[in-house]
S.K.: 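Below: one structure in structure tokens.
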Amino acid sequence: VLERAGRVTDVLLDKTGTATRGRPVLREVVALDPGLGRDGALRLAAAVEARSEHHVGRAIVGAARLLPEGERLEVREFRAVPGRGVVAVVGGGRVLVGNRALLAEEGVAPPRAAEEATAEREARGETVAFLSVGGTVRGLLAVTDVLREEAPQVVQALRHERLSVGLVSGDGPGATGAAGSALGIPWTAGATPQSKRALVSARQASGRRVLFVGDGVNDAPALTQSEVGAAMGRGTDVTMESADVVLVRDDLRLIPELVRLSRRTLAVIRQNVFWAFFYNAVAIPLAMAGFLHPIVAAGAMACSSLFVVANSLRLRRALAAPESA
């Protein structure tokens with residue numbers, strides 16, 4: 001893994017939970033059905049999202065806990081659609097909570113009012129989840145998440161290492177574009193798990209070596225496809241199982257540290273190989289020709305081993321800094 005990480009040329013960052021803090025909060029609930037109302041829309045969406053592992057789902061469930069006690073909703077046939085949302089049956093009606101791709105997949109067309117409200121909130125960098133009941137969009141849930149404080153510094157550090165950096169997300173163009181613009185890097189929105197993997201594969205086909213960083217189930221295919229997959233420490237079990245590297249600290253600054261350490265390790269390996277062969281290439285012929293006493297040759301061999309060990313120990317300095325721990 002260290003060898004591959006030292007040779008990467010591109011770094012692709014997932015947005016939610018990787019480039020952002022991964023602690024989104026529900027900003028607003030827009031009820032498009034007066035009979036359902038704001039609280040009813042939030043309660044219904046939270047009931048469906050209760051078994052979801054996505055950050056948006058957790059934000060909706062967390063906000064619903066503040067509502068007054070209401071009727072307990074029975075949720076059946078729950079299904080998570082990676083990169084799109086969740087589907088379930090509640091009280092005999094089919095309920096969807098997800099993005100435009102999920103609606104299109106299920107044949108649900110959002111009304112003009114929903115599209116306008118969504119565009120307005122995505123322009124502010126918010127992620128919007130549609131709530132559909134029985135094939136009709138009944139509400140919108142706008143969730144916001146802030147960029148990690150260290151994210152701009154990390155992008156700058158990766159560019160300093162001469163790496164191409166990009167952002168990829170399953171969110172819409174508004175939220176993804178806002179994050180990408182803030183970081184000053186190209187971005188790809190509306191990415192499904194399969195399209196994330198295809199994006200990595202396309203770069204590999206052009207001769208690039210990709211380090212993908214993610215934290216959700218949606219990122220597992222891309223983590224597996226990339227030369228090096230790195231999972232955030234707060235990621236899901238599936239993500240960490242799919243990754244080559246797990247960041248035990250929830251700190252994005254460990255990514256450039258990984259690249260630097262890997263490159264230093266490769267450099268030390270090359271130095272060690274050179275000097276090990278150099279001692280032997282010089283000392284052995286001289287000893288065979290009688291110009292070098294065997295004891296001196298043996299001493300040179302011992303010096304070669306000591307040099308390799310001492311040179312390798314220099315890597316400990318790279319691990320000693322608090323940022324690299």
Side-chain angles (χ1 to χ4, degrees), residues 12-30 45 49 52-63 80-87 96-106 108 110 114-132 137 139-148 151 155 165-200 212-223 232 234-236 239 252:
L12 290 178
L13 304 173
D14 172 54
K15 184 179 80 69
T16 306
T18 303
T20 65
R21 294 302 307 174
R23 301 186 185 93
V25 294
L26 184 66
R27 179 75 69 180
E28 184 182 9
V29 178
V30 180
E49 290 279 12
S52 172
E53 294 186 347
H54 197 274
H55 299 291
V56 172
R58 293 173 185 170
I60 293 172
V61 173
V81 185
R84 289 176 171 83
V86 294
V87 181
L96 315 176
V97 183
N99 56 22
R100 287 185 181 86
L102 179 64
L103 297 185
E105 188 177 276
E106 297 291 332
V108 178
E115 289 285 12
E116 292 175 350
T118 299
E120 178 184 345
R121 283 151 184 81
E122 286 185 337
R124 300 198 297 257
E126 298 174 2
T127 298
V128 177
F130 294 86
L131 171 65
S132 170
V137 176
L140 306 174
L141 301 104
V143 175
T144 186
D145 194 6
V146 296
L147 283 174
R148 292 176 179 268
V155 170
V165 187
L167 185 71
V168 58
S169 174
D171 292 342
T176 308
S181 299
L183 295 174
I185 56 178
W187 50 271
T188 302
T192 64
Q194 291 73 26
S195 60
K196 288 181 180 180
R197 180 173 186 171
L199 182 62
V200 173
F212 190 93
V213 190
D215 78 314
V217 175
N218 301 343
D219 304 317
L223 290 169
M232 303 299 292
R234 294 174 57 250
T236 63
T239 308
L252 200 58

S.K.: Using every non-hydrogen atom in the two residues, find where H54 and S52 come nearest and quote the distance to one decimal.
M.R.: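 Result for this residue pair: N-OG, 3.1 Å.
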S.K.: Below 4.0 angstrom, N of the basic side chain to O of the carboxylate: do E122 and R100 qualify?
M.R.: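 Result for this pair is yes, salt bridge flagged.
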S.K.: State whether the side chain of N99 and the backbone N or O of T127 hold a donor-acceptor pair below 3.5 Å, judged by distance alone.
M.R.: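 Looks like no, no N/O pair under 3.5 Å.
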S.K.: Would you sort out whether R121 and T144 count as a side chain to side chain contact (heavy atoms under 4.5 Å, CB included), showing the intermediate values?
M.R.: CA-CA 10 Å; R121 283 151 184 81; T144 186; over 6 Å; no
S.K.: Side chains of D14 and V213: does their closest heavy-atom pair fall under 4.5 Å?
M.R.: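 Heavy-atom side-chain distance check fails, nothing below 4.5 Å.
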S.K.: Report the distance from atom CD of E105 to atom CG of L96, rounding to the nearest 0.5 Å.
M.R.: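 If we round to the nearest 0.5 Å, E105:CD and L96:CG are 9.5 Å apart.
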S.K.: What I'd like to find out is whether the side chain of D145 reaches to under 4.5 Å of the side chain of H55, using heavy atoms alone.
M.R.: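 The answer is no, as the side chains (C-beta and beyond) never meet within the 4.5 Å cut-off.
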S.K.: Just by modelled atom types, is the T176 backbone N or O under 3.5 Å from a matching donor or acceptor in the D171 side chain?
M.R.: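 The answer is no, because no donor-acceptor pair under 3.5 Å joins these two groups.
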S.K.: For a quick test of reading the model, state the closest non-hydrogen atom pair linking L167 to A179 and the distance between them.
M.R.: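 For L167 versus A179, the nearest heavy atoms are CD2-CB, 3.8 Å.
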S.K.: If we only count heavy atoms from C-beta on, is the F212 to K196 side-chain gap below 4.5 Å?
M.R.: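 They are in contact (side-chain heavy atoms under 4.5 Å apart), so the answer is yes.
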S.K.: For D215 versus T16, what's the shortest heavy-atom pair and its separation?
M.R.: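 Taking every non-hydrogen atom into account, OD1-O, 3.0 Å.
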S.K.: Under a 4.5 Å cut-off applied to non-hydrogen side-chain atoms, are L140 and E28 in contact?
M.R.: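 Result no, sub-4.5 Å side-chain heavy-atom pair not found.
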S.K.: Work out which heavy atom in A182 is nearest to a heavy atom in L147; give both atom names and the distance.
M.R.: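 Minimum heavy-atom separation between A182 and L147: CB-CD1, 3.6 Å.
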S.K.: Side chain to side chain contact (heavy atoms under 4.5 Å, CB included), that's the test. Do V97 and V56 meet it? Break it down for me.
M.R.: CA-CA 10 Å; V97 183; V56 172; over 6 Å; no
S.K.: Measuring from N218:CG to Q194:CD, what's the distance to the nearest 0.5 Å?
M.R.: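 Interatomic distance, N218 CG to Q194 CD, rounded to 0.5 Å: 9.0 Å.
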S.K.: Determine the minimum heavy-atom distance between A175 and K15, stating which atoms define it.
M.R.: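 That would be O-CD, 4.1 Å.
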S.K.: Starting at CG of L26, measure out to CZ of R58 and round the result to the nearest 0.5 Å.
M.R.: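 One gets 15.5 Å once the value is rounded to the nearest 0.5 Å.
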S.K.: List the atom of L223, the atom of G214, and the distance in Å for their closest heavy-atom pair.
M.R.: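 Minimum heavy-atom separation between L223 and G214: CD2-N, 4.1 Å.
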S.K.: Using side chain to side chain contact (heavy atoms under 4.5 Å, CB included), reason through V168 and W187 one step at a time and then give a plain yes or no.
M.R.: CA-CA 6 Å; V168 58; W187 50 271; over 6 Å; no
S.K.: For the pair R148 (side chain) and G17 (backbone), establish whether a donor and an acceptor sit closer than 3.5 Å, ignoring hydrogens and angles.
M.R.: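 Yes: the side chain of R148 pairs with the backbone of G17.
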S.K.: Would you indicate whether the side-chain heavy atoms of P110 and T118 approach each other to under 4.5 Å?
M.R.: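 They are not in side-chain contact.
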S.K.: Is there a donor-acceptor pair under 3.5 Å between the side chain of R197 and the backbone N or O of P193?
M.R.: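 A pair under 3.5 Å: no.
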